[in-house]
Number of protein chains: 2
Amino acid sequence: MTFSEENYLKTIYHLTAVSDADISTNAIAEKMETKASSVTDMLKKLSEKDLVNYVKYQGVSLTEKGKLAAKMIVRKHRLWECFLVEKLDFSWDEVHEIAEQLEHIKSEKLINKLDDFLGNPTEDPHGDPIPDANGRIIKVEKQLLSEFEKNQMGICVGVKDTSSDFLKYLDKQEIALGSQIEIIEKESFDSSFRIRVGNKEITVSNKIASNIYIK
Amino acid sequence: MTFSEENYLKTIYHLTAVSDADISTNAIAEKMETKASSVTDMLKKLSEKDLVNYVKYQGVSLTEKGKLAAKMIVRKHRLWECFLVEKLDFSWDEVHEIAEQLEHIKSEKLINKLDDFLGNPTEDPHGDPIPDANGRIIKVEKQLLSEFEKNQMGICVGVKDTSSDFLKYLDKQEIALGSQIEIIEKESFDSSFRIRVGNKEITVSNKIASNIYIK
DNA sequence: TATAATTTTTAGCTTTGTCTAAATTTAATT
DNA sequence: AATTAAATTTAGACAAAGCTAAAAATTATA
Ligand SMILES: [Mn+2]
Ligand SMILES: [Mn+2]
Ligand SMILES: [Mn+2]
Ligand SMILES: [Mn+2]
């Protein structure tokens with residue numbers, strides 16, 4: 001499997017996680033910052049290899065084979081992110097780009113040894129679950145901070161937006177995985193939140209609150 | 001720089017280490033298991049980018065820029081090999097193939113952090129020197145076992161042939177980096193050697209002896 | 001339901017890196 | 001020096017993955 005094929009599978013996998021229905025050509029093109037015509041070409045190829053169910057004009061979904069392949073790429077991506085943060089001391093906003101490269105390294109033995117070396121983590125530095133060697137995922141139920149009400153409390157267990165900009169913002173506000181967050185006030189006018197993180201009180205917009213997972 | 005360009009530079013670098021003179025198109029083709037015509041095409045491109053000095057029909061050499069680029073790839077290759085052996089417990093005959101992939105990961109920060117994580121090793125699992133971040137190499141003088149005479153002694157510090165087959169043979173004979181080797185007898189008829197490794201006496205052919213470095 | 005807008009696919013072109021076969025240059029031998 | 005052999009380059013083709021522009025299908029709207 002080429003890097004490109006792997007990237008398409010991964011994108012379809014991620015899009016499936018949110019929408020459930022068949023994925024459109026345009027949705028893939030947008031996410032991958034490529035053109036719809038390029039996507040069509042690739043979908044034909046992936047379909048030929050039985051990695052996706054593709055019907056002209058009707059969108060695409062992963063076959064079981066394609067789904068497992070996608071999970072293995074996600075597994076590698078997230079394990080490498082753990083390695084970078086826990087062993088090499090990278091911060092969580094620096095690792096995604098490098099993991100985008102490392103996820104394409106081909107060696108089952110390598111990834112399984114890496115998994116052991118890291119102590120078989122179940123989540124990556126952004127709180128996303130790591131599929132095991134068989135593709136199994138332990139799902140942790142988590143809610144967005146934006147869905148919380150006044151006086152509720154929880155622990156930050158993940159982020160929805162994993163962009164470097166957003167993660168750096170969280171660093172600045174001293175919000176990290178494990179941080180305890182308490183909703184002090186919810187402003188009805190703009191749905192912003194007044195929250196306590198540790199011993200500090202800060203105000204975050206609804207957009208921010210919609211990208212932090214709490215449990 | 002593409003993977004392919006990097007592989008060509010690396011190959012020219014390695015061929016230069018043994019021959020000194022300009023490298024021929026065919027020599028590159030043979031080492032890379034590709035065709036001479038493909039090599040010619042690539043040499044033109046690398047020349048265009050000032051990575052090699054190339055004169056039609058006259059062979060090729062690395063420019064300073066090309067040499068540094070090649071060294072950085074070798075640095076990555078050998079550091080990853082260290083990682084695989086020392087941290088992930090791979091044996092020295094398994095790591096080359098995986099390092100061939102990992103050497104193309106692009107991130108200076110990553111490789112320098114990896115270097116630190118490993119304790120800034122100066123040699124890889126096969127006894128080959130690791131260039132530092134500036135491309136500097138600490139050369140250790142070493143001789144081939146085949147050049148030794150009766151009653152001489154030394155420590156195994158490297159191997160010339162790093163093929164999996166040869167390394168497995170050495171494992172079987174319990175010869176590893178650091179092993180003390182003593183020449184008991186040199187057979188003049190076939191230039192084979194009777195040697196002592198640890199407390200065992202074994203006979204090795206001249207071909208074997210010509211691939212083990214001693215100091 | 002007919003028309004317009006949007007989405008998707010097709011057709012044709014480009015770049016990268018490879019190949020084979022033919023032409024050219026260099027090296028080796030009479 | 002002329003001829004043969006070997007090495008190297010050129011010419012032309014191909015597959016992968018991308019693009020633009022045009023055609024076709026689907027969906028939305030009047
Ligand atoms: Mn990531
Ligand atoms: Mn992540
Ligand atoms: Mn190697
Ligand atoms: Mn090595």
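What you see is a predicted model; the values in this text were computed from it and never measured. The analysis underlying the following values was restricted to heavy atoms, covering all of them including side chains, and did not include hydrogens, waters or symmetry mates. A, B, ... follow the sequence lines: proteins, then strands. Residue 1 opens every chain.
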* To the side chain of B/Thr25, which of C/dT9, D/dA16, D/dT9 is closest? -> D/dT9
* To do: For B/Lys207, look at atom NZ and say whether over 12 heavy atoms of other residues, nucleotides or ligands are found less than 6.0 Å away.
  => no
* Structure fact -> When A/Glu33 and B/Gly59 are each assigned the nearest nucleotide of DNA chain D, the 5'-most assignment goes to B/Gly59
* **Of A/Glu5 and B/Ile23, the one whose closest DNA chain D nucleotide lies more 5'** => B/Ile23
Which part of the nucleic acid, if any, lies within reach of [X] when heavy atoms closer than 4.0 Å are counted: base, sugar-phosphate only, or nothing?
X	value
A/Ser37	base
A/Thr40	base
B/Phe3	nothing
B/Ser38	base

* To do: Considering just the side-chain nitrogens and oxygens of B/Ser4, establish if one lies under 4.0 Å of OP1 or OP2 belonging to C/dT16.
  => no
* **Phosphate contact (C/dT8 OP1 or OP2) by A/Asn26 side-chain N/O below 4.0 Å** => yes
To the nearest Å, give me how far apart [atom1] ([X]) and [atom2] ([N]) are.
X	N	atom1	atom2	result
B/Leu46	C/dT16	CG	C1'	13 Å
A/Glu30	C/dT7	CD	P	10 Å
A/Ile28	C/dT7	CD1	C1'	13 Å
B/Asp41	C/dT15	CG	P	15 Å
A/Lys44	C/dA11	NZ	C1'	10 Å
A/Tyr8	D/dA16	OH	P	14 Å
A/Asn7	D/dG18	CG	C1'	14 Å
A/Met42	C/dT10	CE	C1'	17 Å

* What string of B, S and - do you get for nucleotides 23-29 of chain C, 5' to 3', when a contact is any protein heavy atom under 4.0 Å? -> -BSS---
* Asked: Taking all atoms of both residues into account, what is the closest heavy-atom pair of A/Pro121 and A/Asp115, and its distance?
  -> CD-OD1, 3.6 Å
* To do: Please report the closest heavy-atom contact between A/Leu43 and A/Val52, naming both atoms and the distance.
  => O-CG2, 3.9 Å
* To do: Establish, yes or no, whether a centroid distance under 6.0 Å links the rings of B/His77 and B/His96.
  => yes
* Asked: When the ring centroid of B/Phe83 is compared with that of A/Phe83, is the distance short of 6.0 Å?
  -> yes
* Ionic contact status for B/Glu94 with A/Lys109, cut-off 4.0 Å -> yes
* Asked: Under the criterion salt bridge (Lys or Arg N to Asp or Glu O under 4.0 Å), which of A/Lys10, A/Arg78, A/Lys76 is the partner of A/Glu100?
  -> A/Lys10
